[in-house]
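Report on one structure; see the data block that follows.
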Amino acid sequence: MTSVLTKKNLLILGCILLTFVLVQVLMSVGFITSFHEITLATICINIILAVSLNLVTGFTGQFSLGHAGFMSIGAYVCALIVMRFDSVAGFLVGILAAALAATIVGILIGIPTLRLKGDYLAIATLGMAEIIRVVFLNLEITNGAAGLSGIPRYTNWFWMYLFVVLTIVLINNFIRSSHGRACISIREDEIAAESMGINTTKFKVMAFAIGSFFAGIAGALYASYFYFIKPNTFGFLKSIDILVIVVLGGMGSITGSIIAAVLLALVSTFLQSFTAVRMIFYALVLVIIMIFRPQGLLGTKEITDLFKFRRKNERIE
Amino acid sequence: MKRTLVFLFTLVFAMTMVAGCGGQTEDAQTVKIGINYELSGDVASYGEASVDGIMMAFDEINAAGGIDGLQIEPITVDNKSDTAEATALATRLMTQEGVVACLGPATSGSYMATIPVAMANKVPIISASATADEGVTVDKNGNVNEYVFRLCFNDSFQGVTMANFALNNLEAKKAVIIQDKSSDYAAGLAKNFKETFTAGGGEIVGEEGYVAKDKDFNAILTKIKGQEFDVIFLPGYYQEAGLIIKQARDLDISAPILGADGFDSPVLLELAGAEALNDVYFSNHYSNLDQDPLVQKFIEDFKTKYGKEPNAFHALGYDLGKYIADAIKRAGSPEPEKIKDALANTENFVGVTGSFSMGPDHNPIKSIVVIGLENGVQASSVKVEPK
Amino acid sequence: MEQFLQQVVNGISLGSIYALIALGYTMVYGIIKLINFAHGDVYMIGAFVGFAAITYGKMGFFPALLVAMISCAIIGVVIEKVAYKPLRNSTRIAALITAIGVSLFLEYVMMFFVGAEVRSYPKVLTEKAFHLGSVVINMQQIYIVLTAIALMILLQFIVHKTKTGKAMRAVSIDPDAAQLMGIKVDSTISYTFAIGSAFAGAAGVLVGIYYNSIDPLMGILPGLKAFVAAVFGGIGSIPGAMIGGLTIGTMETFVSGYGNSMYRDAAVFLFLIVILIIKPSGLLGKNTREKV
């Protein structure tokens, strides 16, 4: 590593800060109202979820239908902690604990199930998420079906933005590391990867654990933003929602996930006024996109690939 | 990766521009009321029924000239039975649409998710069916949530009433509880029933659970069939209760079955069949036996309008529509602050689901009716006054 | 002991329904390797078609069953032609997402037309019950089990004794080779969807009559459990689907009856994961080895 402080990196940092300040200012002058803020929060949380699922499904090629399960673990752990220690410190400890709890469960679930392939893995992860939901439904501490209410709100624009940037940077760097390349090789051809000496199980579990880690963070942010969580919030449909973002944006494209998260949030806001046909429309879009553009909006490319100033040999997709 | 971030930056910027473009429109001739209900998802049937009731009330009011000349403009949104969506929509209704009050959601969880929004924006919210004991109108520190109201009794009142009914009227000593574990409503009922029943010398000999949308209850019913008990308490909704009653009677379980206002629907009779609905008792807001012309007129009008019998959600929705209109009228002008005061100062509001005054804790003080069914028909009703 | 026998009766009736749905799953998965998520919703549509046939068409049990089966067969073929066929050569995940999309589409179109409220089913079978000691067996349970067995025998006959069945087996083993042998792969796949969907339709009517309650979202969970049943029995195996269905039904009943009913669904999924890890090819499935 030569220097982290290259011109480009400083520029990026500047952009990140500028965006943050800009939104913050727009908020304080009331240009972004509290309703827009909720849309913004949904987008941020969905970006974290989608990017982390993209690592598992898009880059490593392991089809998971249980991402909402890890999100729920994060949400419950953080909620329980922040409800007892009602402070910013409690919130941060909550997020950390949430991420770690989700990771541990992710590893425990990942080791047996990741031996499965394709559709079977999808159903197994779906089953795992259902089991997690049933457990939350029956535990005393999670208050069963009634859920946890009155969770203090600490999630704000600052924390959301921070974690979105962290998620993107960390996952992006992971994919570009040798570990990440190993993951991509598993997606391309598991048998070939294995014969090249890659410990496929190890990397699959690693991707799964990292994905769960960030899903846990997303859950924690969710819990502390929306005041209220219950087991049914994190059902099968939530997992599907996240998967749809990933697939719509393109499996193996981080920018794709980001665009899709924003697009879907805006579409969903727009469709709120058409209650009866909303789900029908959603379903139709899903089918039509799969038929006409099964690789998603961006496929495995990043939107930045389109820019002219790209250097050669930087990408591997 | 760097370019990813540049891209992200542009995107957030563009989004902000788009998001900022939503404007507000004012219309002096109407009063906007937000209707934030579960119109799709798990509990869509409760949301739909509530909204049907509300709309019927609003149509009547608007046809009769509105509230002091103001027409009611309902703004209906669907929260997909999702709590986060309920929060987002409440915010939208209050900050974007400029509603003076919000009705709903129907279930306690979603309703609770909108409470912080109402408190922050100082817009009153009312639910006709959020019955949870804790965390609704009174927060966890015991303070009344100023902008939060409901016009149904809470779970403890119904649970306690049914436990006393089992102990005193049915002289039951042993009870089995079959509870809808996926509903917070059922959880509240079960808890209060259990406490009162055991405190009154009864014994809970079995507790079973199921989740909404289950259809096969033979396994748990066969299990309890082997036990000794006098009565079954069934906290839950008619969709499953109807099936449980039918399957229980098919398995020759003849003990009395008790429930709460979740039973009140013509669908209960359709699902269970008339011959199974014997020795079934449930607490409710009103009884069809009630000769009150208001109740009879509501049932008639409802049948004319929608071509079916009303259930508890319809009736509560209807009352909710009438009640908010009444409060706006009493407030003198459609301002959230004044409406809130009018809601809090309600005295003897006369509704289909009973007359009530608003208590200091923003829960209505209303009486409860325990209805007994014979061959699927309401055969007896016992009125219980609030303490 | 009587309680035990009663639970067995309960489990077999429930299991027969899963078995009927699982048959369609196993056939479709066997032939195009697609988890047809919409299969559970075809079952829901079958229930509604049967409902309409009995209520508005004033039909009896068997004509209504037939109408539901035919309608579902048509719907199944249309779904296959419109949604799945264009994706036959794309990735598994794209096909699976399409299936989920179709499933949501069917659910919410139905909800748009009939509303979310549950409906009771018209009574077409006599509600007679037989008492053997204290074990109660009612007429509907007998109908369900008998219909399931009859349909399964019919299917076994179709698959093993007819030309279409032979073509199905050939396509499921190797579509390319089958095509080279002059088998029309497209129409064979359509037949498979038609038969599988017809069985789901039959299951829908039976469930409507047995439980007396139908709604637009009724297909989701039975659909998933039927898939578990199909996997347990061995994907592609018809007796396997039957055994799988009965096993899952009985297992659920026993978890509820002797354990905690709240962990019933969790137990089914846990069971699935355990099977997948111990014996991924299922009870009667053939072992396939992945080739490079």
Side-chain angles (χ1 to χ4, degrees), chain B residues 38-49 52 81 178-182 207-227 237-244 246-247 249-253 265-273 275-276 306 308 311 313, chain C residues 1-11 13-15 17 107-108 111-112 115-123 127 129 131 134-141 207-208 210-218 220-222 249-265:
Chain B
E38 297 86 342
L39 298 175
S40 63
D42 297 340
V43 290
S45 51
Y46 314 142
E48 277 179 8
D52 280 353
S81 311
I178 305 178
Q179 179 194 343
D180 177 353
K181 291 269 189 182
S182 62
E207 281 187 76
E208 294 297 328
Y210 64 92
V211 293
K213 302 226 185 300
D214 276 1
K215 296 203 190 296
D216 194 317
F217 305 95
N218 285 315
I220 49 178
L221 289 170
T222 304
K223 184 177 170 189
I224 64 166
K225 195 182 168 187
Q227 287 160 331
Y237 292 107
Y238 55 87
Q239 288 100 325
E240 291 82 24
L243 299 179
I244 295 174
K246 174 173 185 282
Q247 290 171 18
R249 298 300 189 229
D250 282 351
L251 284 170
D252 299 334
I253 297 173
S265 165
V267 178
L268 183 81
L269 172 60
E270 290 168 22
L271 293 178
E275 59 273 28
Y306 294 107
K308 57 185 175 188
N311 65 26
F313 283 103
Chain C
M1 189 58 201
E2 274 160 351
Q3 188 181 342
F4 177 80
L5 288 176
Q6 182 73 57
Q7 296 290 24
V8 170
V9 171
N10 297 338
S13 343
L14 182 65
I17 293 163
E107 282 160 20
Y108 285 94
M111 201 184 258
F112 182 73
E117 182 64 286
V118 296
R119 274 157 199 262
S120 63
Y121 226 69
K123 309 237 175 322
E127 296 210 354
H131 290 74
S134 73
V135 178
V136 186
I137 303 174
N138 60 40
M139 214 46 203
Q140 295 123 325
Q141 287 172 322
V207 161
Y210 182 32
Y211 294 126
N212 191 28
S213 157
I214 56 173
D215 67 88
L217 301 180
M218 67 189 269
I220 304 174
L221 208 53
T250 322
M251 193 181 88
E252 256 191 34
T253 308
F254 278 85
V255 171
S256 299
Y258 294 98
N260 184 338
S261 59
M262 292 310 294
Y263 286 99
R264 185 194 60 198
D265 296 351

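Each chain gets a letter, A, B and so on, in the order its sequence line appears, and its residues count up from 1.
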(request) Select, from C:N260, C:V255, C:T253, the one with the greatest count of heavy-atom pairs under 4.5 Å involving chain B. (result) C:T253

(message) Checking C:N10 against C:Q7 for the side-chain hydrogen bond (donor to acceptor under 3.5 Å, both in side chains) test, could you report, in this order, the C-alpha distance in whole Å, the side-chain angles of both residues, the deciding distance, and whether it holds?
(response) CA-CA 5 Å; C:N10 297 338; C:Q7 296 290 24; 3.2 Å; yes

(message) Any carboxylate oxygen within less than 4.0 angstrom of a Lys/Arg side-chain nitrogen, looking at B:K215 and C:D215?
(response) yes

(request) May I ask you to test the C:Y211-B:D214 pair for a side-chain heavy-atom distance under 4.5 Å? (result) no

(message) Heavy-atom pairs under 4.5 Å with chain C - which of B:N218, B:T222, B:V43 has more of them than the others?
(response) B:T222

(request) Could you tell me how the ring of B:Y210 sits relative to the ring of B:F217: parallel (under 30°), tilted (30 to 60°) or perpendicular (over 60°)? (result) perpendicular

(request) Can you tell which part of B:Q239 gets under 4.5 Å to a heavy atom of chain C, answering side chain, backbone, both or neither? (result) both

(request) Could you tell me which of C:Q3, C:E107, C:M111, C:Q6 has the largest number of non-hydrogen atom pairs under 4.5 Å with chain B? (result) C:Q3

(request) Mind ranking B:A44, B:G209, B:G47 by heavy-atom pairs under 4.5 Å with chain C and telling me who comes out on top? (result) B:G209

(request) Counting only heavy atoms closer than 4.5 Å, note whether C:Y121 contacts chain B via side chain, backbone, both or neither. (result) neither

(message) Quick check on C:N212 against chain B: is it the side chain, the backbone, both or neither that has a heavy atom closer than 4.5 Å?
(response) both

(request) Would you mind telling me which of C:V135, C:V136, C:V9, C:I17 has the largest number of heavy-atom pairs within less than 4.5 Å of chain B? (result) C:V136

(message) Taking side chain as everything from C-beta outward and backbone as N, CA, C, O, which of these in B:L271 sits under 4.5 Å from a heavy atom of chain C? Side chain, backbone, both or neither.
(response) both

(request) Indicate whether the side chain of C:E117 and that of B:Y238 have a donor and an acceptor atom separated by less than 3.5 Å. (result) yes

(request) Using a cut-off of under 4.5 Å on heavy-atom pairs, state which of B:A49, B:S182, B:A219 scores highest against chain C. (result) B:A219

(message) For the interface with chain B, which of C:S120, C:G11, C:G115 has the highest count of heavy-atom pairs at distances below 4.5 Å?
(response) C:S120

(message) Less than 4.5 Å apart, side chain to side chain, heavy atoms only: is that true for C:Y258 and B:K223?
(response) no

(request) Find the distance between NZ (B:K225) and CD (C:E2) and round it off to the nearest 0.5 Å. (result) 8.0 Å

(message) With a 4.5 angstrom heavy-atom cut-off, is it the side chain or the backbone of C:R119 that approaches chain B, or both, or neither?
(response) backbone

(request) Drop me the distance from C:S256's OG to B:D216's CG, to the nearest 0.5 angstrom. (result) 8.0 Å

(request) Pick whichever of C:E252, C:M218, C:R264 has the most heavy-atom pairs under 4.5 Å with chain B. (result) C:R264

(message) For a 4.5 angstrom cut-off between non-hydrogen side-chain atoms, does B:E208 reach B:I224?
(response) yes

